[in-house]
Amino acid sequence: MARNDPVPSTVLVTGGAGFIGSHACVELLDHGYEVIVVDNYSNSAPQVLTRVERIAGRFVGAVYELDIRDRRALSAVFDRHDVDAVVHFAALKSVSDSLRRPVEYYDTNVGGTTALLRAMHEHGVHRLVFSSSCAVYGEAGPGPLDETTVPRPANPYAASKRLCEEVLADVCRRRPEYTVVCLRYFNPAGAHPSGLLGEDPRGTPDNLMPRLAQVAAGHQEFLRVFGDDYPTRDGTAIRDYLHVMDTVEAHRLALDHLTDAPGMHVYNLGLGRGSSVLEVLAAFSEAAGRTVPYAMAPRRPGDVAELVADATAVTRAWGWRPALTLADMCRDAWRFQRLNPRGYAGSDRRPKPKEC
Ligand code: NAD
Ligand code: WQD
């Protein structure tokens, strides 16, 4: 690869204790990056970072418990560390919650991103990998969606992600020193193959895979399948599920390529293949070695029939191709559930994180 600048080596990971962020920390540590984490633990727990270090066999450089909207605290992190690039996961992510609390979503997701941008700007940091979402496409389907699909965000969560994209694109247009890679993930799922890291949101999970795990473990009686009257092959909604390990590999590749070309680069992340809710249920039952009970329920408000990625652009750009299948996602999510029946609660304590 022809590059003039060195590959960024110290990476600030916002939301590094979360589902995707924690797996990304392992991936970055495994590939020689120094990792600094900021997180307010609003949807995670500090113990996860002990597990990240256990898997990677290396320490996270520093961990700060702070809210990314706290400009002074964030600025102090940039004062203390020579950050080369930022991977920005920290956000609120539930569509249904965003319908109830739109102001919180705009404040955290958009306000948090502009607060981060300001701190980066003031400290001469111009490289960012941003977590976006297939949610920005709204009701654009059916058929594989590529990045030229016109976004039509249909709820405050999706709109907040789209607004962030617009802010970042505009900054890149006006300031040539910025490079931003914006990754629109479809449906990340699964867990680290060690069984030490997985998806452990606070409260009842919204997403299909963690719910399936809870039902299979007997914590919930049955899975409610939201809608069996969609115009799909079996009547249930189709999504493009992507293993979290493949997802975070793409982030590491994004960092490796941040010095290739300035400006804003937008890529979809998905398998390019959809699975219906009943197909995921069957795959999970197979992985768990037990039948997962379910009942048909009405459509969930705001759901669309089908969302599948055309992710060929990122393959062309960096050669990234997902290696893991739906069966792998189910196997790993089930392993995490079995080994951590109460999630991270009560597990290995991490010393109280530093505060700015
Ligand atoms: P997550 O909730 O597990 O992780 C987000 C992390 O950010 C959590 O640790 C949370 O405590 C932290 N956080 C939230 N608000 C914060 C704040 N104000 N200050 C500091 N930390 C804060 O979510 P995830 O699934 O890991 O998602 C990571 C990112 O990917 C999010 O931006 C999300 O919108 C995006 N995304 C997720 C999915 C998905 O299905 N999981 C799909 C597409 C996009
Ligand atoms: C998948 C399918 C449900 C739970 C969400 C966000 C999206 C992105 C990914 C962040 C749907 C069905 C679910 C259940 C069910 N996240 N389902 N019973 O809604 O595709 O996408 O996560 O950016 O923005 O909207 O994911 O896992 O919630 O649902 O039948 O108990 O499973 O209706 O068809 P979704 P999901």
Side-chain angles (χ1 to χ4, degrees), residues 13-24 37-46 48-49 64-70 73-74 87-96 98 104-105 107-109 111-113 115-116 130-138 153-155 157-158 160-161 164 183-189 198-202 204-212 214-215 220 222-228 230 232 236-242 244 247-248 251 268-270 274-281 294-307:
V13 180
T14 75
F19 170 46
I20 306 173
S22 57
H23 291 77
V37 169
V38 301
D39 203 301
N40 68 353
Y41 306 121
S42 56
N43 198 33
S44 55
V48 73
L49 294 164
Y64 296 93
E65 179 174 358
L66 59 78
D67 191 307
I68 48 164
R69 292 165 297 177
D70 182 342
L74 198 55
V87 185
H88 179 32
F89 293 105
L92 301 178
K93 67 161 181 178
S94 158
V95 170
S96 53
S98 81
E104 283 77 359
Y105 274 68
D107 189 29
T108 299
N109 295 2
T113 299
L116 175 66
F130 176 70
S131 291
S132 190
S133 169
C134 62
V136 300
Y137 293 123
N155 53 67
Y157 166 71
S160 73
K161 286 287 170 182
C164 292
L183 298 175
R184 291 178 178 159
Y185 331 141
F186 278 62
N187 289 59
E199 194 165 4
D200 181 28
R202 298 205 165 184
T204 311
D206 267 354
N207 295 112
L208 178 60
M209 193 76 72
R211 277 214 186 171
L212 271 169
Q214 294 201 348
V215 176
Q220 288 173 36
F222 58 88
L223 180 88
R224 289 194 301 149
V225 175
F226 297 137
D228 62 356
Y230 286 107
T232 58
T236 66
I238 289 179
R239 296 290 182 273
D240 187 339
Y241 299 89
L242 174 69
V244 66
T247 311
V248 299
H251 289 71
N268 287 338
L269 295 184
S275 305
S276 73
V277 177
L278 289 180
E279 287 164 353
V280 179
L281 195 135
Y294 69 94
M296 293 301 177
R299 291 183 183 191
R300 190 170 62 177
D303 275 354
V304 297
E306 179 177 330
L307 271 173

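As the structure lists them, so they are numbered: ligands from 1, and atoms in each ligand from 1. We use all heavy atoms of the structure for the numbers below, so side chains are in, but hydrogens, waters and symmetry mates are not.
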Is there a side-chain contact between [X] and [Y] in this structure, where contact means two heavy atoms from C-beta onward sitting under 4.5 Å apart?
| X | Y | answer |
| --- | --- | --- |
| Glu199 | Val244 | no |
| Cys134 | Asn187 | yes |
| Val277 | Met296 | no |
| Tyr185 | Ile20 | yes |
| Arg239 | Val280 | no |
| Tyr137 | Val304 | no |
| Tyr294 | Val215 | no |
| Glu306 | Tyr230 | no |

On a heavy-atom basis, which atom in [X] and which in [Y] lie closest, and how many Å separate them?
| X | Y | answer |
| --- | --- | --- |
| Ser276 | Thr236 | CB-OG1, 3.3 Å |
| Phe130 | Cys164 | CZ-CB, 3.4 Å |
| Ala158 | Ala135 | CB-O, 3.4 Å |
| Glu279 | Gly274 | OE1-O, 4.2 Å |
| Ala17 | Ala45 | CB-O, 4.0 Å |
| Gly16 | Asp39 | N-OD2, 3.5 Å |

Option of least heavy-atom distance to [atom] (set: [options]):
| atom | options | result |
| --- | --- | --- |
| atom 19 (N) of ligand 1 | Val38, Ile68, Leu242 | Ile68 |
| atom 8 (C) of ligand 2 | Pro153, Ala91, Ser133, Pro301 | Ser133 |
| atom 22 (C) of ligand 1 | Val48, Asn40, Val37 | Asn40 |
| atom 33 (C) of ligand 1 | Tyr241, Tyr157, Phe186, Tyr185 | Tyr157 |
| atom 5 (C) of ligand 1 | Ala115, Pro188, Ala91, Ala158 | Ala91 |
| atom 12 (C) of ligand 1 | Thr14, Asp39, Val87, Asp67 | Asp39 |
| atom 26 (O) of ligand 1 | Leu92, Ile20, Asp107 | Ile20 |

Please confirm whether [X] approaches ligand 1 to less than 4.0 Å, judged on its heavy atoms.
| X | answer |
| --- | --- |
| His88 | no |
| Leu66 | yes |
| Ser132 | yes |
| Asn187 | no |

Q) Does Arg224 CZ have over 12 foreign heavy atoms under 6.0 Å away? A)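 Incorrect, the count does not exceed 12.
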
In the protein, what heavy atom is nearest to [atom], and what distance, to one decimal place, separates them?
| atom | answer |
| --- | --- |
| atom 25 (O) of ligand 2 | Val95 CG2, 3.2 Å |
| atom 27 (O) of ligand 2 | Leu208 N, 2.8 Å |
| atom 35 (P) of ligand 2 | Asn187 ND2, 3.6 Å |
| atom 24 (O) of ligand 2 | Ala135 CB, 3.1 Å |
| atom 2 (O) of ligand 1 | Asn43 ND2, 2.7 Å |
| atom 18 (N) of ligand 2 | Arg224 O, 2.7 Å |
| atom 28 (C) of ligand 1 | Phe89 O, 3.7 Å |
| atom 6 (C) of ligand 1 | Gly15 CA, 3.6 Å |
| atom 34 (O) of ligand 2 | Ala237 CB, 3.2 Å |
| atom 28 (O) of ligand 2 | Arg300 NH2, 2.9 Å |

Side chain, backbone, both or neither: which part of [X] has a heavy atom under 4.0 Å from ligand 2?
| X | result |
| --- | --- |
| Asn207 | both |
| Tyr241 | side chain |
| Leu223 | side chain |
| Val277 | side chain |
| Lys161 | neither |

Can you confirm, on distance only, whether ligand 1 has an N/O atom lying under 3.5 Å from any N/O atom belonging to Gly18?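 Yes, there is a polar N/O contact under 3.5 Å.
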
field: Heteroatom distance test (Lys93, ligand 1): nitrogen or oxygen, under 3.5 angstrom
entry: yes

Numbered atoms of ligand 1 (with element) below 4.0 Å of [X], judged on heavy atoms:
| X | answer |
| --- | --- |
| Ser131 | 29 (C), 30 (O), 32 (O), 35 (C) |
| Ser133 | 43 (C), 44 (C) |
| Ala17 | 9 (O) |
| Ser42 | 10 (C), 11 (O), 13 (N), 14 (C), 15 (N) |
| Ser44 | 8 (C), 9 (O), 11 (O) |
| Thr108 | 15 (N), 18 (N) |
| Tyr41 | 11 (O) |

>> Any nitrogen or oxygen of Phe226 lying under 3.5 Å from a nitrogen or oxygen in ligand 2? Just yes or no.
In response: yes

Worksheet item: Mind checking whether Tyr157 has an N or O less than 3.5 Å away from an N or O of ligand 2?
Response: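 Yes.
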
Quiz prompt | Contact with ligand 2 for Tyr185, non-hydrogen, under 4.0 angstrom | solution = no

Walk me through it: do Asp206 and Val95 pass the test side chain to side chain contact (heavy atoms under 4.5 Å, CB included)? CA-CA 9 Å; Asp206 267 354; Val95 170; 6.0 Å; no

Item to complete: Given side-chain hydrogen bond (donor to acceptor under 3.5 Å, both in side chains), test Tyr157 with Ser94 step by step and report yes or no.
Response: CA-CA 7 Å; Tyr157 166 71; Ser94 158; over 6 Å; no

All salt bridge (Lys or Arg N to Asp or Glu O under 4.0 Å) counterparts of Arg211, not counting sequence neighbours: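 Salt bridge (Lys or Arg N to Asp or Glu O under 4.0 Å) list for Arg211, sorted by chain: empty.
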
>> By the definition side chain to side chain donor-acceptor pair (under 3.5 Å), identify the one residue from Thr113, Asp107, Asn40 that meets it with Arg69.
In response: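 With Arg69 as partner, side chain to side chain donor-acceptor pair (under 3.5 Å) holds for just one option, Asp107.
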
Do the two ring centres, one from His23 and one from Phe89, sit under 6.0 Å apart?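 Here the rings of Phe89 and His23 have centres that are no less than 6.0 Å from each other.
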
